Participant: 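Take this structure first; my questions come after.
Here the structure is a predicted model, which is why all the values come from computation and not from measurement.
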Amino acid sequence: MAEEAQKKRKRKRRKKHYLLRLIAIIAAGVGLYCLLSSSIFDVQGITVESNSYYTKEQIISKADAKAGDNIFGVKTKKIKEALLKDPYIKNARVKRTLPGTVVIIVEERSESAAVPFAGAFIILDGDGLVLRKTDVEPKLPLITGMVIKTMDEGKPIETEETGALTGSLKIVGAMEETGVYFKRIDISTVAVKAYIYDQLICQGTPENILKSMENGNLETFVYHLYTKGTERGIINVGSGNEFPFSPWVE
C-alpha cells in the first residue's frame, strides 16, 4: 500500500511539473509576442540603396512600403514583387534591420538607346527591353530603319532585324569605353550606317564596327579625320585594319 501511495505522489508531482513547464512556456510566448508586437519594433525608417533613375521617394511609393507598421509584419516578398513590375527595376532585395528599419536595395536598368516610332520614341536598355515610351526626344543614340513587330513596356522589343538590332545595341554599349560615339545607327540594310555626325558615317556590319571600336583602330582613324577638319564622308569598316574612306555622301 505504501509503495502504491508513493507512486501516486510521484505521478502527481510529475503532472504538476509538466503543468508548471507548460505555463512557463505559454507565459514566455505571450511575453515574446507582446515584446515583438510592441512599438519598439514599429518601422521608423525606410532606406533605399543603389538607385539612380528613381528617387528614394519614388522607390518607396512603388514598393508600397510604409512607416509605422510592425517590422515583423513587413512582407518583403510582396515589396520585391511590386518593384519588379516596373521595367526600370531589374532586381531588388528587401531586408529588415532591427529594431525598425526596412532596407530596399535595387538594381536598375539603364537607358541605352531610343527608337523613333510614329512621332514618339521607344526607350530601350542594352538588352533591347522596352523601358518606356515618350513624346520627347531623349539625349540617347537613335536606332532607325527597323520594322517593329511588338514594343510592349517591360518586354524585349521584337523586330524583323533582330541580329542588326542586337549588334547595334552592343555598339552603343561600347561607346563610353572605346571613345567612339554615334548619334544614330541605321539598320535598314545589312551594312549598317553609324552616324558620327550628320554627314560623317561608319558603314559596315555591326560585328566589324564593334571589333574596330574595341581594338582602338576606329578611334584612331576618326581622330585623324578630326585633326584634318573632316566632318563629311563614309568610313567603310571591314574585317581588316584599313578603313577605305569616301568623301562623298549621298
Side-chain angles (χ1 to χ4, degrees), residues 46 48-65 75-95 102-178 181-195 205-210 213-214:
I46 303 171
V48 177
E49 299 178 5
S50 301
N51 59 306
S52 58
Y53 181 78
Y54 285 127
T55 65
K56 169 187 173 181
E57 291 73 21
Q58 287 173 320
I59 292 291
I60 292 173
S61 176
K62 291 176 181 295
D64 196 25
K75 301 185 186 310
T76 57
K77 182 179 180 181
K78 185 177 179 180
I79 290 176
K80 178 177 180 177
E81 289 174 348
L83 288 170
L84 292 181
K85 291 178 181 178
D86 190 289
Y88 277 87
I89 307 299
K90 186 175 183 178
N91 200 4
R93 289 195 299 119
V94 185
K95 61 182 183 180
V102 174
V103 181
I104 301 173
I105 306 166
V106 295
E107 180 185 355
E108 293 177 318
R109 293 184 173 92
S110 299
E111 296 181 348
S112 182
V115 178
F117 181 80
F121 299 89
I122 306 166
I123 309 301
L124 305 179
D125 79 341
D127 296 320
L129 188 102
V130 178
L131 297 176
R132 63 186 173 98
K133 300 168 189 174
T134 177
D135 294 330
V136 180
E137 183 173 352
K139 295 180 179 180
L140 293 169
L142 300 180
I143 300 179
T144 61
M146 68 184 75
V147 178
I148 298 174
K149 296 179 180 178
T150 62
M151 49 176 182
D152 300 321
E153 286 189 12
K155 297 181 180 180
I157 190 171
E158 293 186 13
T159 74
E160 291 186 359
E161 300 81 7
T162 302
L165 174 60
T166 300
S168 297
L169 288 171
K170 289 180 180 179
I171 289 172
V172 172
M175 291 195 307
E176 188 70 32
E177 184 177 349
T178 62
Y181 296 89
F182 301 107
K183 60 186 297 184
R184 179 166 73 92
I185 302 176
D186 184 341
I187 64 173
S188 58
T189 58
V190 175
V192 304
K193 294 180 179 179
Y195 288 72
T205 65
E207 294 77 15
N208 287 339
I209 293 175
L210 180 62
M213 292 171 68
E214 292 176 338

Participant: Looking at every non-hydrogen atom in both residues, tell me the closest pair between S112 and D125 and how far apart they are.
Facilitator: CB-C, 3.5 Å
Participant: Flag the pair P206 / K170 as yes when at least one side-chain heavy-atom distance between them is below 4.5 Å, and no otherwise.
Facilitator: no
Participant: Without swapping roles, check the side chain of E214 against the backbone of T178 for a donor-acceptor pair under 3.5 Å.
Facilitator: no
Participant: Is there a side-chain contact between I187 and T159, using heavy atoms and a 4.5 Å cut-off?
Facilitator: no
Participant: In terms of relative ring orientation, are Y53 and Y88 parallel, tilted or perpendicular, with 30° and 60° separating the classes?
Facilitator: parallel
Participant: Just by modelled atom types, is the P87 backbone N or O under 3.5 Å from a matching donor or acceptor in the E153 side chain?
Facilitator: no
Participant: When you measure from the side chain of D127 to the backbone N and O of L129, does any donor-acceptor pair fall under 3.5 Å?
Facilitator: no
Participant: Is there a side-chain contact (heavy atoms from CB on, under 4.5 Å) between L142 and K183? Walk through the geometry before answering.
Facilitator: CA-CA 6 Å; L142 300 180; K183 60 186 297 184; over 6 Å; no
Participant: What heavy-atom pair brings I104 and A65 nearest, and what distance separates the two atoms?
Facilitator: CD1-CB, 4.5 Å
Participant: Is there a side-chain contact (heavy atoms from CB on, under 4.5 Å) between M213 and M175 once you walk through the steps?
Facilitator: CA-CA 8 Å; M213 292 171 68; M175 291 195 307; 4.1 Å; yes
Participant: Measuring only between side-chain heavy atoms, which start at C-beta, is K80 closer than 4.5 Å to N91?
Facilitator: yes
Participant: Kindly say whether E57 contributes a backbone atom to a donor-acceptor pair with the side chain of S61 at under 3.5 angstrom?
Facilitator: no
Participant: What's the shortest heavy-atom distance between T205 and V192, and which atoms?
Facilitator: C-CG2, 4.5 Å
Participant: Compare all side-chain heavy atoms of D186 with those of Y195 and state whether any distance is below 4.5 angstrom.
Facilitator: yes
Participant: Check step by step if side-chain contact (heavy atoms from CB on, under 4.5 Å) holds for I59 and I89.
Facilitator: CA-CA 10 Å; I59 292 291; I89 307 299; 3.9 Å; yes
Participant: To check you understand the geometry: which heavy-atom pair defines the closest contact between L84 and A92, and what is its length?
Facilitator: CD2-N, 4.1 Å
Participant: Looking only at heavy atoms, which two atoms of L169 and G126 are closest? And how far apart?
Facilitator: CB-O, 3.7 Å
Participant: Taking the side chain from R184 and the backbone from T144, do they hold a donor-acceptor pair closer than 3.5 Å?
Facilitator: no
Participant: May I ask you to test the V48-Y54 pair for a side-chain heavy-atom distance under 4.5 Å?
Facilitator: no
Participant: I want to check something: taking the side chain as every heavy atom from C-beta on, are K62 and K85 in contact at a cut-off of under 4.5 Å?
Facilitator: no
Participant: Tell me whether K133 at atom NZ has more than 12 heavy atoms from other residues, nucleotides or ligands lying less than 6.0 Å away.
Facilitator: yes
Participant: Sequence neighbours left out, what passes side-chain hydrogen bond (donor to acceptor under 3.5 Å, both in side chains) with S110? Give chain and number order.
Facilitator: none
Participant: Does K95 form a side-chain contact (heavy atoms from CB on, under 4.5 Å) with T76? I'd like the steps, not just the answer.
Facilitator: CA-CA 7 Å; K95 61 182 183 180; T76 57; over 6 Å; no
Participant: Hey, could you give me the CG/CD distance between D86 and E108, rounded to the nearest 0.5 Å?
Facilitator: 8.5 Å
Participant: In the structure I gave you, are the side-chain heavy atoms of K149 and E160 within less than 4.5 Å of one another anywhere?
Facilitator: yes
Participant: We want to know whether D152 and T150 form a side-chain donor-acceptor pair, criterion being a heavy-atom distance below 3.5 angstrom.
Facilitator: no
Participant: R132: which residues meet the salt bridge (Lys or Arg N to Asp or Glu O under 4.0 Å) condition with it, sequence neighbours left out?
Facilitator: E111
Participant: Rounded to the nearest 0.5 Å, what's the gap from CD1 on I105 to CG on L83? Could you check?
Facilitator: 12.0 Å
Participant: With the side chain counted from C-beta on, respond yes when L124 and V130 share a heavy-atom pair under 4.5 Å apart, and no when they do not.
Facilitator: yes
Participant: Shortest non-hydrogen contact from I209 to A194?
Facilitator: CD1-CB, 4.5 Å
